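Heavy-atom basis, side chains included; hydrogens, waters and symmetry copies ignored. Because the structure is a prediction, the values reported are computed rather than measured.
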Amino acid sequence: MRMTAWVRGQVQGVGFRWYTRARALEIGELTGFAANLADGRVQVVAEGARERCERLLNWLRAGDTPGRVAGVTEIWDTPRDGYEGFTIR
């Protein structure tokens, strides 16, 4: 599966992307990226088994992240298989 999430709140300049990458690597078998957007949100794209993507999404929503998450919106799609590892952009 491919999960794309947009995280809003105080999520830039607080290490959010780094911790998101670390969490994705801890979950394992996920590829994709975390990137800052110009409007202050962070976009997270993860590809892998649905259960693993859901674990990352649940972590994004749990409040155990750096900064302050005000909300998360996600969409699900078919994977594009264009990523090597999980990176920060």
Quiz item: Nearest heavy-atom pair of Cys53 and Ala46: which atoms, and what distance?
Solution: SG-O, 3.6 Å
For a quick test of your reading: what N or O donor-acceptor pairs under 3.5 Å do the side chains of residues 57-69 make, sequence neighbours left out?
from  : atom 1 : to    : atom 2 : distance (Å)
Asn58 : ND2    : Glu54 : O      : 3.2
Arg61 : NH2    : Val72 : O      : 3.3
Arg61 : NH2    : Glu74 : OE1    : 2.4

Self-check item: Interatomic distance, Arg23 atom CZ to Glu26 atom CD [nearest 0.5 angstrom]
Solution: 4.5 Å
Self-check item: Heavy-atom pair with the smallest gap, counting every atom of Arg8 and Thr73
Solution: NH1-OG1, 3.4 Å
Practice problem: Quick one: closest heavy-atom pair of Asp77 and Met1, and the distance? | Solution: O-CE, 3.6 Å
Exercise. Would you give the length of the straight line joining atom CZ of Phe33 to atom OG1 of Thr20, rounded to the nearest 0.5 angstrom?
Key: 12.0 Å
Quiz item: Is Arg50 atom CZ crowded by more than 12 heavy atoms from other residues, nucleotides or ligands, each under 6.0 Å away?
Solution: yes
Quiz item: Are any non-hydrogen side-chain atoms of Phe86 and Val44 less than 4.5 angstrom apart?
Solution: yes
Quiz item: Do you know the tightest heavy-atom contact between Ile88 and Arg21?
Solution: CG1-CD, 3.9 Å
Quiz prompt | Nearest-0.5 Å distance, CZ of residue Arg80 to CZ of residue Arg2 | solution = 4.0 Å
Quiz item: With a 4.5 Å limit on heavy-atom distance, are the side chains of Gln10 and Phe16 in contact?
Solution: no
Quiz item: In this structure, are over 12 heavy atoms from other groups packed under 6.0 Å from Tyr83 atom OH?
Solution: yes
Quiz item: Can you name the closest pair of heavy atoms from Arg17 and Ala34 and give their distance?
Solution: CD-O, 3.7 Å
Quiz prompt | Arg52 CZ to Leu30 CG distance, which is reported to the nearest 0.5 Å | solution = 7.0 Å
